[in-house]
Amino acid sequence: MKKKATHRSSPPRRTGKRPTLRALLQENNELKARLEESRETLHAIKSGEVDALFLDGHIYSLQGAETPYRILVESMNEGAATLSADGAVLYCNQRFSALLGTPLTTLIGSPLRQYVQHSDWPSFDALVAEGKKGLSKGECVFETGEGEPKTIQCAFSPFATEGGEGLSLVATDMTDRKLAEYARFGSMLASIGDAVIATDVDGRITFMNRVAEELTGWTLVEANTKPAADVFVVINERTRERVGSPIEAVLRTGKPARLDDLVLLVRKDRTEVPIDDSAAPILYRTGRMTGVVLVFRDVTERREKDRAFRENQ
């Protein structure tokens, strides 16, 4: 059974008389006792051992610390947290701590935004702003304590506290679902006849199908996490100068892009292949870009037919 934490009333004011050494020592001991009691009370609040404070004759309820509420929240499969108006974590359950791979003692009092991947800060800020007006739901990528990114669906809603407005958060781990989506996505891309390369928002390779491996001369094992610019090297057939890849254009503009005709892909062994290509952004349902997909193909046969046609003419 939880208990109420008591706190002594303020010490009596000093009179005009000069205190004796014994009185000073007694007052010093009382102050030490009050300090130790305050420390114990603070620890009890953080650990959930108390549900109210008794201070100077008044009872102050700790909202959210009631036994039924805690039992319900702690038994949830989802992560749950309450945030202050400025986004600091006031309370969270063990599941939320496990999701972020961060101890409760570290999470409590810290801004939740600092655990969000920098590229997702705009999405997170928009969700929080919308959540202060009503229910908002969306996905953000968090950096866990182990340094691994984790996709989490966040559902924010406002609630009132004695200290003002706050936010409640229900967090659902979407990582497994995303991995399944990527697996289906990879299976689909692996089965098509064109070469396919996918990158993240930093332009680093996350996927290559078999045709892409054959055309570039790089395997996915070798190219994984490398900048696409190191693997997909393209030059102008006439000037022999290197040209920017359409991946860079998509990352810069967020719109589909393609190279002009007469470009050559420089393979890993330095041989050259004429190609045709196009690139497009990979978007979440919310419209946020999460990477780029590049599709290209060997057009050697088409070039030869065009050359033969021109010669016949």
Side-chain angles (χ1 to χ4, degrees), residues 2 45-51 61-185 283-288 290:
K2 292 184 179 179
I45 292 172
K46 288 184 175 181
S47 62
E49 294 177 7
V50 301
D51 57 10
S61 174
L62 300 179
Q63 186 172 354
E66 292 82 358
T67 300
Y69 173 82
R70 285 189 177 273
I71 293 175
L72 173 63
V73 172
E74 289 298 339
S75 63
M76 291 171 57
N77 289 327
E78 292 82 8
T82 55
L83 311 178
S84 64
D86 59 358
V89 179
L90 300 176
Y91 163 79
C92 66
N93 63 1
Q94 292 288 346
R95 175 59 177 160
F96 188 75
S97 172
L99 277 179
L100 296 189
T102 305
L104 284 171
T105 53
T106 302
L107 284 172
I108 301 299
S110 62
L112 181 60
R113 190 177 190 259
Q114 75 180 32
Y115 300 98
V116 178
Q117 203 170 71
H118 286 191
S119 60
D120 272 14
W121 277 4
S123 299
F124 178 80
D125 292 342
L127 284 173
V128 169
E130 186 179 351
K132 290 180 179 179
K133 302 174 185 177
L135 179 64
S136 68
K137 183 182 293 185
E139 295 175 1
C140 291
V141 179
F142 286 73
E143 294 288 351
T144 66
E146 293 81 11
E148 294 293 330
K150 182 170 289 189
T151 302
I152 295 176
Q153 183 185 74
C154 300
F156 291 101
S157 58
F159 73 95
T161 66
E162 294 180 0
E165 294 296 323
L167 280 172
S168 64
L169 166 65
V170 176
T172 306
D173 187 0
M174 304 294 288
T175 305
D176 291 341
R177 184 180 302 179
K178 287 299 176 184
L179 290 175
E181 290 178 0
Y182 290 149
R184 289 194 298 270
F185 176 71
L283 303 175
Y284 268 161
R285 290 184 296 272
T286 57
R288 178 174 57 88
T290 60

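Both backbone and side-chain heavy atoms feed into the values below; hydrogens, waters and symmetry mates do not.
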Subject >> Nearest heavy atoms of Gln114 and Pro111, plus distance in Å >> reply: CG-O, 3.0 Å
Original post:
For Glu143 and Pro149, which heavy atoms make the closest approach, and how far apart are they?
Top reply: OE1-N, 4.0 Å
Original post:
What is the minimum heavy-atom distance between Cys92 and Leu107, and which atoms define it?
Top reply: SG-CD1, 3.8 Å
**OP:** Work out which heavy atom in Glu165 is nearest to a heavy atom in Phe159; give both atom names and the distance.
**Re:** OE1-O, 3.6 Å
Original post:
Can you find a pair of side-chain heavy atoms, one from Asp120 and one from Leu127, that are under 4.5 Å apart?
Top reply: no
**OP:** Calculate, to the nearest 0.5 Å, the distance between atoms CZ and OH belonging to Phe124 and Tyr115 respectively.
**Re:** 11.5 Å
Original post:
Going from CZ on Phe96 to OH on Tyr91, what distance comes out if it is rounded to the nearest 0.5 angstrom?
Top reply: 11.5 Å
**OP:** Would you check if the side chain of Lys132 reaches a backbone N or O of Ala85 as a donor-acceptor pair within less than 3.5 Å?
**Re:** yes
Subject >> Spacing of CG belonging to Asp173 relative to CG belonging to Asn77, to within rounding of 0.5 Å >> reply: 11.5 Å
Original post:
Could you state the interatomic distance from OG1 (Thr82) to CG (Leu169), rounded to the nearest 0.5 Å?
Top reply: 9.5 Å
Original post:
Considering only heavy atoms from C-beta outward, does the side chain of Asp125 approach that of Arg113 to under 4.5 Å?
Top reply: yes
**OP:** Examine distances only and state if a side-chain atom of Thr290 and a backbone atom of Leu283 form a donor-acceptor pair shorter than 3.5 Å.
**Re:** no
Original post:
Any idea which heavy atoms bring Gln94 and Leu104 closest together, and the distance?
Top reply: NE2-CD1, 3.0 Å
Original post:
What closest approach, in Å, do Ser168 and Ser157 show between heavy atoms, and which atom pair accounts for it?
Top reply: OG-OG, 2.6 Å
**OP:** Supply the atom-to-atom distance Cys154 SG to Glu139 CD, rounded to the nearest 0.5 angstrom.
**Re:** 9.0 Å
Original post:
Is any side-chain heavy atom of Glu130 less than 4.5 Å from a side-chain heavy atom of Phe156?
Top reply: no
Original post:
Can you tell me how far the SG atom of Cys140 sits from the CD1 atom of Ile152, to the nearest 0.5 Å?
Top reply: 9.0 Å
